[in-house]
There are 2 protein chains.
Amino acid sequence: MWWKRMKLGERESMESTNRKTTIKHIAEAAGVHPSTVSRALNGLQESRIPQETVDRIHKAAAELQYEPNPWAQSLRTKRAMMIGLAIPRFTDYVLAQMFESAQIRATEFGYDTLTAGAEVGGKGNAAIKGLMDRRTDGLILATAKIHDEYLAEIERSGVPFVLLNRRSGAYPAVTGDDELGGYLATRHLIEQGHHRIGHISGPLTVSTADSRARGYRRAIEEADLPIGPELMQEGRFDARSAGDAAEALLSLPERPTAIFAVNDISALAAMATARQRGLAVPEDVAVVGYNDSEVSSLLPIPLTSVRVPLLDMGSAAVDLLLALMNGKPVESIVKVPELIPRESSLFSRS
Amino acid sequence: MWWKRMKLGERESMESTNRKTTIKHIAEAAGVHPSTVSRALNGLQESRIPQETVDRIHKAAAELQYEPNPWAQSLRTKRAMMIGLAIPRFTDYVLAQMFESAQIRATEFGYDTLTAGAEVGGKGNAAIKGLMDRRTDGLILATAKIHDEYLAEIERSGVPFVLLNRRSGAYPAVTGDDELGGYLATRHLIEQGHHRIGHISGPLTVSTADSRARGYRRAIEEADLPIGPELMQEGRFDARSAGDAAEALLSLPERPTAIFAVNDISALAAMATARQRGLAVPEDVAVVGYNDSEVSSLLPIPLTSVRVPLLDMGSAAVDLLLALMNGKPVESIVKVPELIPRESSLFSRS
DNA sequence: CCATGGTGCACAATCGTTTGCGCTAATATA
DNA sequence: TATATTAGCGCAAACGATTGTGCACCATGG
């Protein structure tokens, strides 16, 4: 019942006999100098240590169950072997997906991932500040609301960073082609024969939302279809605001027959609103979402959605960051989205 | 265009004039010894330093933009101010929720969160090993598939840990009362007048799935209703297997009129399967899920589900761990679930 | 026999903090 | 006046690893 008895300090003292083995213990066991142990363990081919000695050292290390002390290593080498990931929320499907793949990728390269998130009340800077205080080797910033001035400040501090799912100036970034995604979604609805197509957007100050809206406009204008502020309702990526937006769209005198929503949650809300008003999907109103989240295909009426290669984006961000840290030249990466047609929009009017 | 030019090494050398300020610089600027700076900055009330000196030191620290070096601090104090969180997946709603709240809570106490996850191919041990190598101050283990022997090994290593959403032996754990949850869900269906109630379970080797199934049995037996292996189909928490399970249930000669699914995804799959077979929800078959995930309430037919206080669980795990690290006596925590009735099960047969 | 040159390793400094110990000077007590 | 006490702070040793420098030692070649 150790967890009922011991304080940190006590545990330490108890283990005073049982301490973690250090490089010095190995040196003693193998009859060499600590520095030799370090070189042998790190496989330095500079100072050629005879195989026999190397083996002896490895054996001693294994026997003593040596685990290098990362603090000492970092202090000396000035490398933490950690990258920081700033993410507003983890419960968001899109972000979680990118986070997970980034984490996996980082692990492949021996880097651990320190997360800072939950930018409660727009305190994203505090989160990033925290990561920098930890002296991570690099930063992946997926938070939408960083002031550009703050990015400049990070740049000045010399910590390599990349933006994820967000773009700003010429800073290296990994994003999806949201404009294209918006275009594809809208184009699809047009091809199904719709003439009045509404859009539930996200906050237009957020670049992803803005781009999708621009794609929507382009498709509409290209097809010479009606467009106007009443057909573009601004939401906040969440169900409640999207529900209101859908309400507004569906109660227009000239009701749209199709809705393109900025994300799947908003699309879901639109479908629910439609149902409440006695409108059938897709017969009365077709719906297209964005992100192709897990549930989209599982719904009783499966949701047409734009699939963004979120996993690719996460790992690409890590690759970009690592390149940056190695001083290689880097270019921002744009991932191409793809429309996944499903029942919610498959009712041809032509 | 720094990101096109500089390697890590070069950056360093460039900053050789511009180095991070250390405690020593402050000492020089304030005209005191480094040790005094340390004491002043850490607010040691032991050795009383006059306010005037403290102020001077703080001023110098601020001017030089001092940031303590966490590696040196950890090396010296043997505390990392980090806790490790082992989690199989981040894209899972339940886990993400717990993770996020844990992260927030940890931050409140000045701890950062190191994550290890993605136990690809059951390599959960590798993830945990990684966290231990990083020498985090404590561990929160939310991975389902740790062998108990490995837990014993962690215990032996002396690193404090708590289990999250999982129980094993007498180790401190934070869990939801899954048995009760399963009971509540089934009881609700019974009260709606159902007599033949099927269950789509998770893998019964996983404690949460097993507990929910036990709750189901208890409710059924208590009401003297039919029960049997054909009414309990085992899935794997995912849509595909749950779809198969639903298929099996709904094609029984004596078709159940209600289904309790082990999680919302499974419930969704069941609803979709029902719809494909031309069965209406809830008129022909009522469905209850588990976890009350975000989408549940947004569905065109909102899903009745068992709400588990996931956020509470995440932060409770941190609280438990911190208590443990401080040597306080701790007790495992069980959170009580609550049924949220919605349209998918609200069609009374009585 | 000495210069030359390579091995194989030890030495010691260093990274930036924290902290036990003890010194100095000022003040209080006898 | 002599001694005890205390405040204020400096000294130096850690913590555990990495790494530049250099010194023996041995072999080789002239």
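Predicted, not measured: the structure shown is a model, and the values here were computed from it. Just so we're on the same page: letters track the sequence lines, and every chain starts at 1.
Whole-Å rounding puts the A:Leu75 CG to C:dT14 P distance at 14 Å. Rounding to whole angstrom units, NZ of residue A:Lys24 and P of C:dA10 are separated by 14 Å. A straight line from CG of B:Asn69 to P of D:dA17 spans 17 Å, rounded to a whole angstrom. Rounded to whole Å, atom P of C:dG8 lies 14 Å from atom CG of A:Asp55. Between the CD atom of B:Gln73 and the P atom of C:dG16 there is a distance of 13 Å, given to the nearest Å.
Centroid-to-centroid, the aromatic rings of A:Phe90 and A:Phe99 come within less than 6.0 Å.
An OP1 or OP2 oxygen of D:dC15 is reached within less than 4.0 angstrom by no side-chain nitrogen or oxygen of B:Thr77. Within the 4.0 Å cut-off from OP1 or OP2 of C:dC15, not a single side-chain nitrogen or oxygen of B:Lys20 is found. Contact annotation: B:His33 does not reach the phosphate of D:dC9 (side-chain N/O to OP1 or OP2, under 4.0 Å).
Of the candidates D:dG16, C:dA10, C:dG16, C:dG16 carries the atom nearest the B:Thr22 side chain, counting heavy atoms from C-beta on.
Contacts of B:Ser74 with the nucleic acid, taken as non-hydrogen atoms under 4.0 Å apart, are absent.
Checked by distance alone, B:Arg39 brings a side-chain donor or acceptor within 3.5 Å of a matching partner on the base of D:dG10. For C:dG8, the base has no donor-acceptor partner in the side chain of A:Arg56 [N/O atoms by modelled type, under 3.5 angstrom]. Below the 3.5 angstrom threshold, one finds a donor paired with an acceptor across the side chain of A:Ser35 and the base of C:dC11.
Distance CD1/A:Ile140 to CD/A:Gln103: 10.5 Å, rounded to 0.5 Å.
For B:Ser207, the side-chain contact (heavy atoms from CB on, under 4.5 Å) test picks out no residue, with sequence neighbours left out.
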